[in-house]
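The analysis underlying the following values was restricted to heavy atoms, covering all of them including side chains, and did not include hydrogens, waters or symmetry mates.
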Amino acid sequence: MMFLPRLYARLCARQAGRTLLAGRITQNYSQFMRCPEADVPADFLRQTAREMSGFNFVEQIFPPALWRRNVRFDLHARVADFTREQDFYARPRTLLLGMRWAGFGLIADALLATAPEDVRFQFVTRHPALHKLMAAHEGRRAGAFFAPHRLVTVLLMDERLPDAPLFMTQAGDQKAWLTDVSTRFLTRYGYAVRTLVPTCSLHAAEFGLASQTYAPADYRQAATATLNALRNTPTLWSAWDDLSVIYHG
């Protein structure tokens, strides 16, 4: 791992409890998890700050060719093994549901670098790091919709796009709003819906991914399952300061 991102992440973690941002993140965690602010885990802010600052710093500052150097294992090899075990690209078209997980750009980079030759990608997002990533993998960019390539469309459900339709679901025991997608469209064009959730931090040697495949008609179920993964891995989400996008659309 490169020294500068690691140092920056540690400094941010040390200062985590002393900023206005920390107060907002604590309030949002308390609201989402339905617990008093006094019961927010003591190390939650520190771990969250380390995840956000380290990988966000890498994705914003460095070119994608250097991203993989910021983990302590061969990320590309691990993702390649995972996709092979999951038969990840079995369908002609896949809608891949992502969220703003810390290091999601590094995972996406590994997907683009290791996918079979005939797989193309498109990202439905305004996230600058993912647009930078796609530019670095120009040969993977999706062309015409009916081109003879397998297609993976990546949608960040917790990002609010202009004029995007929404649907209401449950996050734990409270209402939440997520980006909706026409199941008729997904069915007509042969899409499978696939989730992608980290099981632990990219900082950890035991890092892994979890994924489930859903039928097009079950898109909302897949999106809700992805959202509720936050309850199991809260420190891995890098958007705790932006909870309103889920609660208010």
Which heavy-atom pair separates [X] from [Y] by the least distance, and what is that distance?
X: A222; Y: T195; result: O-CG2, 3.7 Å
X: P216; Y: V193; result: CA-CG2, 4.1 Å
X: F88; Y: R194; result: CE1-CD, 3.1 Å
X: G105; Y: L130; result: CA-CD2, 4.0 Å
X: Y189; Y: R93; result: O-NH1, 2.9 Å
X: R140; Y: P116; result: NH1-O, 2.6 Å

With distance as the sole criterion, is a donor-acceptor pair present between the side chains of T179 and R160 under 3.5 Å? yes
State, without any angle test, whether S182 and Y219 hold a side-chain donor-acceptor pair at a distance under 3.5 Å. no
With side-chain contact (heavy atoms from CB on, under 4.5 Å) as the criterion, how do Q122 and L151 come out once you've worked through the C-alpha distance, each side chain's angles and the decisive distance to 0.1 Å? CA-CA 8 Å; Q122 60 183 6; L151 175 64; 4.0 Å; yes
Suppose the criterion is salt bridge (Lys or Arg N to Asp or Glu O under 4.0 Å): which pairs have a residue in residues 199-217, not counting sequence neighbours? none
With rounding to the nearest 0.5 angstrom, report the [atom1] to [atom2] distance, [X] to [Y].
X: Q212; Y: T226; atom1: CD; atom2: OG1; result: 10.0 Å
X: R220; Y: Y214; atom1: CZ; atom2: OH; result: 15.5 Å
X: T169; Y: M157; atom1: OG1; atom2: CE; result: 9.0 Å
X: D158; Y: L227; atom1: CG; atom2: CG; result: 8.0 Å
X: T213; Y: D218; atom1: OG1; atom2: CG; result: 11.5 Å
X: N70; Y: H203; atom1: CG; atom2: NE2; result: 9.0 Å

side-chain contact (heavy atoms from CB on, under 4.5 Å) between Q86 and L209, worked out: CA-CA 10 Å; Q86 291 275 325; L209 293 164; over 6 Å; no
Should D109 and R68 count as an ion pair when the cut-off is N to O under 4.0 Å? no
Quick test of your reading of the model: are R84 and D81 salt-bridged, counting only N-O distances below 4.0 Å? yes
Hey, are the side chains of [X] and [Y] touching, using non-hydrogen atoms and a 4.5 Å cut-off?
X: R141; Y: R120; result: no
X: R78; Y: F207; result: yes
X: L196; Y: I107; result: yes
X: Y89; Y: T83; result: yes
X: W101; Y: E51; result: no
X: I25; Y: L45; result: yes
X: L95; Y: L186; result: yes
X: Y191; Y: F185; result: yes

Is the backbone N or O of [Y] less than 3.5 Å from a side-chain atom of [X], with the two atoms forming a donor-acceptor pair by type?
X: D74; Y: A77; answer: yes
X: R72; Y: R69; answer: no
X: K132; Y: H127; answer: no

Which of E159, H131, R100 passes side-chain hydrogen bond (donor to acceptor under 3.5 Å, both in side chains) with T125? It is E159
side-chain contact (heavy atoms from CB on, under 4.5 Å) assessment of N56 paired with S238: CA-CA 8 Å; N56 285 1; S238 64; 4.2 Å; yes
Output a table of donor-acceptor pairs, distance under 3.5 Å, between side-chain atoms of residues 28-37 and any protein atom two or more places apart or on a different chain; print 'none' if there are none.
residue, atom, partner, partner atom, Å
N28, ND2, W240, O, 2.6
S30, OG, C35, O, 2.3
R34, NE, D173, OD1, 3.2

Where do L96 and T153 land on the side-chain contact (heavy atoms from CB on, under 4.5 Å) test, with the steps shown first? CA-CA 6 Å; L96 183 61; T153 300; over 6 Å; no
Applying salt bridge (Lys or Arg N to Asp or Glu O under 4.0 Å), can you list everything that pairs with D118, at least two apart in sequence or on another chain? R150
